[in-house]
Amino acid sequence: MKKIFSFALIAVSVLLGACTTSVVVDSTAHPMATYDNLSGGFEATLSGNINNAFKATNIALERDLKYFRVGQKAKDNQWYVYARVELDVLIVVYLKQLPNDEVQVKIEYGSGNLMKSQQIFNAIAKNMRMFERR
């Protein structure tokens, strides 16, 4: 019985420890992001302010990726941007202003899609660089 419990405990710890993946993204200041396999959440950091990140997100979703943006919700130094794609998949982009002129970006693409989340983030990062040049 102790052996079965030990093996079960080891299996659970391996599964929980292997749930996050480091991902390389198109951000010069913060080239690493994380993807949580259980929740389907993608998280990365960009340099800049939340206002530019919000504009860059809207441009990335609507113009660059041709998604249908369905709404947004503002809180204190935070934005939730909602969009939909074919087959009515919900996309949520969460933006939060961090200290030192950085913005935390969390992307949820349906129940989880690493490739699509990376595409969204890279489009946002490209548009953020466009705002920096001005």
Side-chain angles (χ1 to χ4, degrees):
M1 187 67 167
K2 287 184 181 181
K3 287 183 181 182
I4 293 173
F5 180 72
S6 298
F7 285 126
L9 186 61
I10 290 170
V12 168
S13 65
V14 166
L15 286 175
L16 290 177
C19 293
T20 59
T21 304
S22 294
V23 180
V24 177
V25 291
D26 187 20
S27 174
T28 54
H30 306 283
M32 293 300 290
T34 58
Y35 179 75
D36 187 345
N37 295 321
L38 288 179
S39 70
F42 179 91
E43 185 175 336
T45 306
L46 288 171
S47 295
N49 66 49
I50 189 119
N51 295 327
N52 288 343
F54 177 71
K55 290 184 235 175
T57 300
N58 290 334
I59 292 170
L61 292 173
E62 291 180 318
R63 185 190 71 194
D64 298 343
L65 300 170
K66 306 282 191 259
Y67 295 157
F68 181 64
R69 201 169 61 83
V70 295
Q72 63 208 24
K73 196 182 328 179
K75 291 189 177 183
D76 297 328
N77 289 324
Q78 300 175 22
W79 279 100
Y80 288 91
V81 181
Y82 302 96
R84 295 241 179 224
V85 294
E86 55 278 331
L87 302 175
D88 204 30
V89 175
L90 176 65
I91 300 169
V92 179
V93 179
Y94 169 75
L95 306 168
K96 180 180 180 183
Q97 184 69 54
L98 299 174
N100 301 329
D101 204 30
E102 294 179 340
V103 178
Q104 178 185 34
V105 180
K106 291 183 181 178
I107 301 169
E108 295 176 8
Y109 187 98
S111 60
N113 188 325
L114 174 58
M115 185 181 79
K116 294 289 188 180
S117 297
Q118 277 183 288
Q119 289 174 347
I120 294 168
F121 179 80
N122 288 338
I124 294 169
K126 179 188 78 160
N127 290 323
M128 284 290 285
R129 286 191 297 275
M130 179 182 68
F131 288 120
E132 288 175 0
R133 292 184 194 139
R134 291 182 179 179

To check you understand the geometry: which heavy-atom pair defines the closest contact between Asp64 and Lys126, and what is its length? OD2-NZ, 3.5 Å

Using the rule that Ile, Leu, Val, Met, Phe, Trp and Tyr join whenever any side-chain heavy atoms are under 4.5 Å apart, tell me whether Phe54 and Val92 fall into a single cluster. no

Nearest 0.5 angstrom please: Gln97 CD to Asp76 CG, how far? 12.5 Å

Between Gln119 and Leu65, the two heavy atoms sitting closest are O-CD1, 4.4 Å

In Å, rounded to the nearest 0.5 Å, how long is the span from CD of Glu86 to NZ of Lys66? 13.0 Å

According to salt bridge (charged side-chain N to carboxylate O under 4.0 Å, His left out), does anything in residues 89-108 pair up with another residue at least two apart or in another chain? List the pairs. none

Should the pair Phe42 and Phe121 be assigned to parallel (<30°), tilted (30 to 60°) or perpendicular (>60°) ring geometry? tilted

Distance, nearest 0.5 Å, that separates CG of Leu38 from OG of Ser111: 12.0 Å

Starting at CG of Leu95, measure out to CG of Asn77 and round the result to the nearest 0.5 Å. 11.5 Å

Verify the cluster assignment for Ile107 and Leu90: are they in a single hydrophobic cluster under the rule of side-chain heavy atoms below 4.5 Å apart? no

Tell me if a side-chain donor or acceptor on Asp88 pairs with a main-chain N or O of Arg84 at a distance below 3.5 Å. no

Partners of Tyr94 by ring pair (Phe, Tyr, Trp, His ring centres under 6.0 Å), sequence neighbours excluded? Tyr80

Looking at Tyr67 and Tyr82, would you say the former's side chain and the latter's main chain have a donor-acceptor pair under 3.5 Å? no

Starting at CZ of Arg129, measure out to CG of Asn52 and round the result to the nearest 0.5 Å. 13.5 Å

Can you confirm whether Lys116 sits close enough to Ile91 that some side-chain heavy atom of one is under 4.5 Å from a side-chain heavy atom of the other? no

Can you see which heavy atom on Leu61 is nearest to which on Ala83, and at what distance? CD1-CB, 4.1 Å

Does the pair Arg63 and Asn127 meet the rule for a side-chain contact (heavy atoms from CB on, under 4.5 Å), with working shown? CA-CA 11 Å; Arg63 185 190 71 194; Asn127 290 323; 3.6 Å; yes

Smallest heavy-atom separation, Val103 atom then Gly48 atom, equals CG2-O, 3.4 Å

Nearest 0.5 Å, what's the NZ-CD1 distance between Lys55 and Ile124? 15.0 Å

